[in-house]
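Have a look at the structure below before the remarks.
In what follows, chains are A, B, ... by sequence order, proteins preceding strands, each numbered from 1. Only heavy atoms go into these numbers, but all of them, side chains included; no hydrogens, no water, no symmetry mates.
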Amino acid sequence: MNQQKPSIKQIYLRLRRQQGEQGWWPADSHFEIIVGAVLTQNTAWTNVEKAIQSLKQQNLMTPQAMIACSRPELAKHIRSSGTFNIKAKRLHAISRWYFSHGEFSEISNWPTAKLRRSLLAVHGVGAETADAIILYVFKRPVFVVDAYTKRLFSRLGFVDEDCSYESLRGFFESNLESDAALFGEYHAHIVEHAKHVCKVRPYCERCSLSEYCDFSK
DNA sequence: ACCCAGGGTCATA
DNA sequence: TATGACCATGGG
């Protein structure tokens with residue numbers, strides 16, 4: 001370590017100063033965020049954007065329209081996002097879930113625990129996708145953790161490199177004020193930061209957090 | 001040509 | 001419960 005260990009909040013402030021406001025999640029509707037969360041699974045966002053544009057152009061960006069669209073037809077329009085047969089099935093599942101529970105106005109009344117349980121029961125929705133929807137659609141203070149978050153913060157010496165998703169999520173939620181807007185921007189900054197770092201390691205000499213890193217690892 | 005991206009499911013041991 | 005195969009496009 002080249003200097004005293006910073007707080008979790010200080011790292012956030014540094015990223016925000018360097019990268020500016022992120023404004024996540026970019027979308028025109030709640031449902032579009034849900035669709036994007038599924039389409040971006042293991043997929044670069046640039047490829048997801050094309051699929052979202054295609055869906056809008058075909059007037060498929062509503063749960064009703066998506067349910068009515070056949071799986072092969074749906075797959076055709078999300079081709080650019082990769083794994084399209086799998087994702088077409090997942091979009092049908094999440095569309096049925098969203099529509100059958102009364103969409104945003106009804107679901108937004110649910111307590112967070114019920115919302116999370118319900119989402120995790122939907123085919124194609126795992127912990128990260130569920131939390132992204134809970135945070136960016138329903139504005140609950142749940143911290144979204146991804147693979148890069150784990151690599152970065154274990155390199156920074158805050159957590160063990162093989163800690164669980166839940167423990168890492170708990171780490172952020174207990175070391176920051178419980179604020180959905182803050183959590184949303186923080187996760188966005190971590191993802192954005194990953195793009196400017198060399199691919200084989202979560203930091204390098206040009207990394208804006210390099211002075212905090214433990215290069216002995 | 002290879003590796004990865006804003007993961008999750010399913011089969012196997 | 002813990003790995004591994006699989007999905008599949010587009011950019012580096």
Side-chain angles (χ1 to χ4, degrees), chain A residues 12 15-16 19-28 30-55 71-97 116-139 142-153 160-169 172 180-204 206-207:
Chain A
Y12 166 75
L15 289 172
R16 194 185 65 179
Q19 303 180 155
E21 192 77 21
Q22 297 299 301
W24 273 30
W25 190 293
D28 294 336
H30 297 303
F31 186 65
E32 188 180 322
I33 298 177
I34 293 173
V35 170
V38 169
L39 293 182
T40 198
Q41 290 169 354
N42 203 34
T43 302
W45 184 251
T46 51
N47 290 344
V48 175
E49 285 182 307
K50 299 171 189 170
I52 287 176
Q53 288 310 312
S54 175
L55 289 171
R71 193 185 298 175
E73 178 70 17
L74 191 52
K76 241 171 50 183
H77 299 297
I78 60 172
R79 178 178 167 281
S80 69
S81 70
T83 59
F84 43 80
N85 290 316
I86 286 174
K87 285 173 179 173
K89 183 178 180 182
R90 293 180 183 178
L91 286 182
H92 272 158
I94 195 71
S95 294
R96 274 185 256 112
W97 174 83
R116 195 161 201 274
R117 270 198 311 274
S118 184
L119 275 168
L120 288 173
V122 178
H123 174 84
V125 178
E128 188 177 336
T129 302
D131 288 339
I133 292 169
I134 293 168
L135 175 61
Y136 291 107
V137 174
F138 298 100
K139 311 299 182 192
V142 167
F143 203 94
V144 178
V145 169
D146 63 358
Y148 183 70
T149 307
K150 182 185 289 189
R151 291 209 306 279
L152 177 60
F153 283 85
D160 196 88
E161 61 183 337
D162 58 355
C163 69
S164 69
Y165 178 95
E166 289 304 317
S167 66
L168 187 54
R169 182 165 74 90
F172 279 95
L182 168 65
F183 288 4
E185 280 298 283
Y186 206 151
H187 174 66
H189 276 297
I190 291 169
V191 174
E192 180 63 23
H193 181 255
K195 299 175 185 171
H196 303 306
V197 175
C198 75
K199 298 299 180 185
V200 290
R201 308 181 72 160
Y203 57 79
C204 62
R206 293 181 300 125
C207 167

**Asked** Between A:Glu128 and A:Lys150, is there a side-chain N and carboxylate O pair less than 4.0 Å apart?
**Response** no

**Short side-chain to backbone donor-acceptor contact, A:Ser54 and A:His77, under 3.5 Å** = yes

**Request:** Spell out, as yes or no, whether a donor-acceptor pair under 3.5 Å connects the side chain of A:Glu185 to the backbone of A:Glu21.
**Result:** no

**Request:** Using both distances under 3.5 Å as the test, list the Watson-Crick or G-U wobble partner of B:dA1, or none.
**Result:** none

Integer-rounded Å distance: [N] [atom2] and [X] [atom1]:
X: A:Lys87; N: B:dT9; atom1: NZ; atom2: C1'; answer: 14 Å
X: A:Phe84; N: B:dG8; atom1: CZ; atom2: C1'; answer: 17 Å
X: A:Asp131; N: B:dG7; atom1: CG; atom2: P; answer: 13 Å
X: A:Ile190; N: B:dG6; atom1: CD1; atom2: C1'; answer: 12 Å
X: A:His189; N: B:dG6; atom1: NE2; atom2: C1'; answer: 15 Å
X: A:Glu185; N: B:dG6; atom1: CD; atom2: P; answer: 16 Å
X: A:Tyr148; N: B:dC3; atom1: OH; atom2: P; answer: 21 Å

Counting any heavy atom closer than 4.0 Å, what does [X] reach on the DNA or RNA strands: base, sugar-phosphate only, or nothing?
X: A:His187; result: nothing
X: A:Ser81; result: nothing
X: A:Val144; result: nothing

**Item:** Residues within residues 30-52 of chain A bordering DNA chain B, heavy-atom distance below 4.0 Å
**Value:** A:Thr40, A:Gln41, A:Asn42, A:Thr43, A:Ala44, A:Trp45

**Nucleotides bounding contact with chain A, strand DNA chain C, heavy-atom threshold 4.0 Å** = C:dC7 to C:dG11

Nearest-0.5 Å distance, [atom1] of residue [X] to [atom2] of residue [Y]:
X: A:Ile52; Y: A:Thr40; atom1: CD1; atom2: OG1; result: 8.5 Å
X: A:Asn47; Y: A:Ile78; atom1: CG; atom2: CD1; result: 12.0 Å
X: A:Gln41; Y: A:Ile86; atom1: CD; atom2: CD1; result: 9.5 Å
X: A:Ser81; Y: A:Leu55; atom1: OG; atom2: CG; result: 8.5 Å

**Asked** Can you tell which of A:Tyr12, A:Phe172, A:Tyr136, A:Tyr165 makes a ring-ring contact (aromatic ring centres under 6.0 Å, His included) with A:Phe143?
**Response** A:Phe172

**Message:** What I'd like to find out is whether the side chain of A:Ile190 reaches to under 4.5 Å of the side chain of A:Phe153, using heavy atoms alone.
**Reply:** yes

**Message:** For the base of B:dG6 and the side-chain ring of A:Trp24, does the geometry meet a stacking cutoff of under 5.5 Å between centres and under 30° between planes?
**Reply:** yes

**Request:** Assess whether side chain to side chain contact (heavy atoms under 4.5 Å, CB included) is satisfied between A:Leu15 and A:Tyr186, documenting all intermediate values.
**Result:** CA-CA 8 Å; A:Leu15 289 172; A:Tyr186 206 151; 4.3 Å; yes

Which value, in whole Å, describes the distance between the [atom1] atoms of nucleotides [N] and [M]?
N: C:dC7; M: B:dA5; atom1: C1'; answer: 14 Å
N: B:dC3; M: C:dA5; atom1: P; answer: 14 Å
N: B:dG6; M: C:dG4; atom1: C1'; answer: 23 Å
N: C:dG10; M: B:dA1; atom1: C1'; answer: 15 Å

